[in-house]
Amino acid sequence: MESVLRQASSESAQSIEAASSSKKGKRTKKIGNAKHKGDVFVTPAFTGGVNHGHTGIYSAKPTIVEAPGTGKKSRSTSASSYKVPKKSYKMDVKTSQTKRNKAGSYAYNKLRGKKYSANFAVNKKTGSAKMNCSQLVWAAYKASVKIDLDGNGGLGVYPYNIKDSKHTHIYKTIK
């Protein structure tokens with residue numbers, strides 16, 4: 001158990017370090033539509049001055065599925081009105097469009113309406129009743145098409161792990 005706690009603590013510190021290059025910013029830019037259904041995004045997001053990031057998946061080019069935070073349920077929302085801070089990234093997943101479509105549909109059909117979980121340390125479960133943002137994006141791909149978007153393979157998946165995954169490709173940086 002002690003080694004699991006050490007690993008979870010180490011992974012959390014690495015995720016915060018990876019996110020630290022982004023400064024706290026206001027949500028000022030509209031993220032807009034995706035290139036493809038199944039694309040993902042990562043944005044800076046702060047709690048207590050720490051940038052832990054936020055992520056979501058496009059269930060359709062104009063529609064995002066996300067777990068927005070404590071006290072809220074996962075939901076779908078319009079990409080045309082969704083505002084993000086600077087240094088946000090839109091990415092596609094390096095796979096076929098058929099697989100991206102499956103992941104986007106899975107997120108929309110199976111992962112909306114879930115209560116929020118603040119557990120990032122050991123969140124790699126696809127069938128949880130509660131989910132956080134990175135778990136939702138990870139689960140959409142893992143459960144539907146067996147692609148693991150966790151960039152470092154740790155016990156938990158964090159937003160910047162998805163950005164740094166060998167399976168994702170940044171096609172737009174919001175400046």
Checklist entry - Would Val65 and Arg112 count as a side chain to side chain contact (heavy atoms under 4.5 Å, CB included) if you check the C-alpha gap in whole Å, the side-chain angles of each, and the deciding distance to 0.1 Å? => result CA-CA 7 Å; Val65 176; Arg112 290 180 306 141; 3.9 Å; yes
Mind listing the closest non-hydrogen atom pair of [X] and [Y] along with its distance?
X	Y	answer
Asp92	His36	OD2-CE1, 3.6 Å
Tyr58	Ala79	CE2-CB, 3.7 Å
Trp138	Thr126	CZ3-CG2, 3.7 Å

Item to check | Test side chain to side chain contact (heavy atoms under 4.5 Å, CB included) applied to Leu136 and Ile57, step by step | outcome: CA-CA 8 Å; Leu136 184 150; Ile57 183 170; 3.9 Å; yes
Just by distance, do the side chain of [X] and the backbone of [Y] share a donor-acceptor pair under 3.5 Å?
X	Y	value
Thr28	Pro85	no
Lys94	His169	no
Arg100	Val93	yes
Lys87	Pro44	no
Asn161	Val157	no
Ser144	Ala140	yes
Asn51	Phe46	no
Lys163	Met91	no
Ser88	Ile174	no
Ser74	Leu111	yes

Report the distance from atom [atom1] of [X] to atom [atom2] of [Y], rounding to the nearest 0.5 Å.
X	Y	atom1	atom2	result
Asn33	Lys61	CG	NZ	8.5 Å
Ile64	Ser76	CD1	OG	10.0 Å
Ile162	Asp148	CD1	CG	9.5 Å

Is atom [atom1] of [X] surrounded by more than 12 heavy atoms (other residues, nucleotides or ligands) closer than 6.0 Å?
X	atom1	result
Tyr108	OH	no
Lys102	NZ	no
Lys73	NZ	no
Lys124	NZ	yes

Next on the checklist: Can you see whether Thr47 engages His52 through a side-chain donor-acceptor pair at a distance of less than 3.5 angstrom?
Outcome noted: yes
Item to check | Name of the residue among Thr43, Val42, Val137 meeting side chain to side chain contact (heavy atoms under 4.5 Å, CB included) with Pro159 | outcome: Val42
Next on the checklist: For residues Ile170 and Tyr141: do they belong to one hydrophobic cluster (side chain heavy atoms under 4.5 Å, members Ile, Leu, Val, Met, Phe, Trp, Tyr)?
Outcome noted: yes
Checklist entry - Can you check side chain to side chain contact (heavy atoms under 4.5 Å, CB included) on Lys30 and Lys83, steps first, answer last? => result CA-CA 4 Å; Lys30 291 181 182 176; Lys83 290 186 177 182; 4.2 Å; yes
Checklist entry - What residues form a ring-ring contact (aromatic ring centres under 6.0 Å, His included) with Tyr116, not counting sequence neighbours? => result none
Indicate yes or no: at least one non-hydrogen side-chain atom of [X] is less than 4.5 angstrom from one of [Y].
X	Y	value
His167	Thr95	no
Pro68	Arg75	yes
Tyr171	Asp39	yes

Checklist entry - Can you list the steps and then say if Gln135 with Phe120 is a side chain to side chain contact (heavy atoms under 4.5 Å, CB included)? => result CA-CA 8 Å; Gln135 181 182 12; Phe120 285 82; over 6 Å; no
Item to check | By side chain to side chain donor-acceptor pair (under 3.5 Å) - contacts of Lys37 (at least two apart) | outcome: Ser105
Item to check | For Ser96, all residues meeting side chain to side chain donor-acceptor pair (under 3.5 Å), sequence neighbours excluded | outcome: none
Item to check | Partner of Asn132 under side chain to side chain donor-acceptor pair (under 3.5 Å), chosen from Thr55, Asn119, Asn123 | outcome: Asn123
